[in-house]
Colleague: 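My questions all concern the structure below.
Values reported hereafter were calculated over all heavy atoms of this structure, with side chains retained and with hydrogens, waters and symmetry mates removed. Chain letters run A, B, ... following the sequence lines, proteins first and then strands; every chain starts at 1.
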Protein chains: 2
Amino acid sequence: MSPAPEDATPERLRAIPSRLLAGAATAADRLVNERLAAEGARKWHFAVLVALDETGPASQAELSRRTGVYRSDMVAVLNELADAGFLVRDPDPVDRRRNVITLTPAGRARLHHLDALVTTAQQDLLAPLAPAERAELTRLLTLLNAHHRPPHGGGHA
Amino acid sequence: MSPAPEDATPERLRAIPSRLLAGAATAADRLVNERLAAEGARKWHFAVLVALDETGPASQAELSRRTGVYRSDMVAVLNELADAGFLVRDPDPVDRRRNVITLTPAGRARLHHLDALVTTAQQDLLAPLAPAERAELTRLLTLLNAHHRPPHGGGHA
DNA sequence: CTAACTTCATTAGTGCGACGAACGTTTATG
DNA sequence: CATAAACGTTCGTCGCACTAATGAAGTTAG
C-alpha cells in the first residue's frame with residue numbers, strides 16, 4: 001500500500017521558531033484548558049487567584065498588570081470568580097475609583113485545587129523532555145519573554 | 001520615591017511553562033505579523049506559498065495538511081492569494097472534487113520577499129539568545145510539537 | 001448497478017484570547 | 001480651578017482553532 005501518509009510539513013516551515021512556538025503554545029493551552037474546563041475554570045481564573053494569594057488584595061488594574069490579563073477582560077473574570085464566591089469586590093475606601101479584590105477562604109481552596117490541575121498539566125506538557133531539558137526550556141522562554149516584554153507599553157520605541 | 005514600578009508578576013505564575021509558551025508565542029506572532037502586515041500578508045499566506053514551492057501543486061486539502069491551516073480557513077487564504085495573482089486554482093481533471101493550486105511566477109517572487117521578512121523576524125525574535133541556545137530552543141520545541149501533535153485530527157489515539 | 005461511505009471545497013458559526021475606543025467617575029497635578 | 005491621568009466598565013474588532021453542515025464527486029461493497 002504505502003498510500004502515502006503524506007503528512008510532510010515542508011522542512012522550511014518545520015524549522016521556523018515562531019511556528020514551533022505557536023504550535024507548542026496551542027498544545028499547552030489545550031492541555032491546561034482541558035483540565036481546568038473539567039472544573040468550570042479557565043486559566044485566568046487560576047492566574048488571578050494566584051496573584052491574589054501571592055501578593056494579597058489588589059485593585060483590578062493591579063491584578064491586570066500582575067497576571068497579564070487585559071483590564072477589559074478582567075471584569076468578566078472577576079465577575080465569574082465573585083459569582084462563585086471565590087473572591088469579593090469591595091469599593092476601596094481610600095481611593096474610590098478602585099475596587100479591592102480579596103480572596104475568600106473558598107477562593108483559597110479553589111486555588112489549591114486548580115493549582116494541582118495546572119501542575120500536572122505542566123508535567124504532561126513537558127513529558128517528552130528530560131528534567132534538564134525542562135529547566136533549559138523554561139530558562140530560554142523566560143529570556144524571550146523578558147526581552148520582548150518591555151515593562152510596559154512596548155518600551156522599544 | 002520609587003513610584004512603584006509594580007510590575008511584579010508573581011513568581012508562581014512566572015515559572016509556569018504553559019504561560020511562558022503563550023507569552024513567547026504571542027510575542028513571536030506579533031513580530032511576524034507586524035512585518036507581514038506591512039506587505040498586506042499574513043502568516044498563512046507565507047505558509048501556503050512555502051508549501052506550494054516546496055512540494056509543488058496540491059489540492060486544498062493537502063495544503064491544509066502540510067501547513068496546519070484548517071480546511072475551512074484555507075478557502076479564504078487561497079482566495080486572497082488568488083485575487084492577488086500569486087496562485088491559480090484550477091479544477092483537477094483527474095479528480096473533479098479537487099482544485100489544483102499552482103504557484104504563479106508572481107507568487108514565487110512574493111514568496112521570496114515574504115521569506116526575507118519572516119527570516120529577519122525570526123532573528124529578532126531570537127535576538128536575546130546565543131546561537132547554541134537558539135538551536136536548543138528549536139530542538140526542544142520540536143520535541144514538544146512532535147509529542148503533542150499526533151499526526152492528525154488532534155485525537156491522536 | 002445501486003447503496004453506503006468517504007473525500008473535497010465551501011459556507012457559516014462558536015469560543016477564546018489579545019487588543020482598542022470611549023465613557024463616567026474619581027483622584028492627582030499644574 | 002482646570003486639566004490631565006487612572007480606574008472600572010461596556011462594546012466592538014481581529015485573528016486563530018475548531019465544529020457542523022451541505023452539495024458534488026469519487027470509492028467500496030453487495
Colleague: Give the rounded distance in Å between these two atoms: CG of Asp95(A) and P of dA5(D).
Modeller: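 Atom-to-atom, Asp95(A) to dA5(D), this comes out as 17 Å.
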Colleague: For residues Leu137(B) and Leu144(A), determine if any side-chain heavy atom of one lies less than 4.5 Å from a side-chain heavy atom of the other.
Modeller: yes
Colleague: Would you say the side chain of Arg97(B) and the base of dT7(C) hold a donor-acceptor pair, judged only by whether the two atoms sit under 3.5 Å apart?
Modeller: yes
Colleague: Is it true that Arg134(A) and Gln122(A) share a donor-acceptor pair across their side chains at a distance under 3.5 Å?
Modeller: no
Colleague: Tell me which of Pro93(A) and Tyr70(A) sits closer to the 5' end of DNA chain C, going by the nucleotide each one is nearest to.
Modeller: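 Residue closer to the 5' terminus by nearest nucleotide: Tyr70(A).
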Colleague: With a 4.0 Å cutoff (strictly under), does any side-chain N or O of Arg98(A) reach OP1 or OP2 of dT25(C)?
Modeller: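 No, Arg98(A) has no side-chain N/O under 4.0 Å of OP1/OP2 on dT25(C).
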Colleague: Measure from CZ on Arg30(A) to P on dG17(C) and round the result to the nearest Å.
Modeller: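 In whole Å, dG17(C) P and Arg30(A) CZ are 14 Å from each other.
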Colleague: Do the side chains of Pro91(B) and Arg98(B) get nearer than 4.5 Å, heavy atoms only?
Modeller: no
Colleague: On DNA chain C, compare the nucleotides closest to Val94(A) and Trp44(A); which residue's is nearer the 5' end?
Modeller: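 Result: Trp44(A).
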Colleague: Atom CD of Glu34(A) and atom CG of Asp29(A): how far apart are they, to the nearest 0.5 Å?
Modeller: 11.0 Å
Colleague: So, under a plain 3.5 Å distance rule, would you say the side chain of Ser72(A) forms a donor-acceptor pair with the base of dG20(C)?
Modeller: yes
Colleague: Both Ala22(A) and Asn99(A) contact DNA chain D. Taking the nearest nucleotide for each, which residue is further toward the 5' end?
Modeller: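 Checking each residue's closest nucleotide, the 5'-ward one belongs to Asn99(A).
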Colleague: Regarding Arg71(A), tell me which of base, sugar-phosphate or nothing describes its non-hydrogen contacts under 4.0 Å with the strands shown.
Modeller: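 Result for Arg71(A) = base.
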Colleague: Using a strict cut-off of less than 4.0 Å between a Lys/Arg side-chain nitrogen and an Asp/Glu carboxylate oxygen, indicate whether Arg42(B) and Glu80(B) qualify as a salt bridge.
Modeller: yes
Colleague: Given atom CD of Gln60(B) and atom P of dA9(C), what is their separation to the nearest angstrom?
Modeller: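 Rounded to the whole Å, the gap is 5 Å.
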Colleague: Let me know the distance between CG of Leu21(B) and C1' of dC16(D), rounded to the nearest Å.
Modeller: 17 Å
Colleague: Starting from C1' on dG8(D), measure out to CZ on Arg89(A) and report it in whole angstrom.
Modeller: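 Result: 8 Å.
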Colleague: For dC7(D), does OP1 or OP2 lie under 4.0 Å from any side-chain N or O of Arg65(A)?
Modeller: yes
Colleague: Starting from the 5' end of DNA chain D, give me the residue, Thr26(A) or Asp73(A), whose nearest nucleotide shows up first.
Modeller: Asp73(A)
Colleague: Round to a whole Å and report the spacing from CG of Asn79(B) to P of dT10(C).
Modeller: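 Distance, rounded to whole Å: 7 Å.
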Colleague: What's the CG-P distance between Leu87(B) and dA9(C), to the nearest Å?
Modeller: 13 Å
Colleague: Starting from P on dA6(D), measure out to CZ on Arg96(A) and report it in whole angstrom.
Modeller: 20 Å
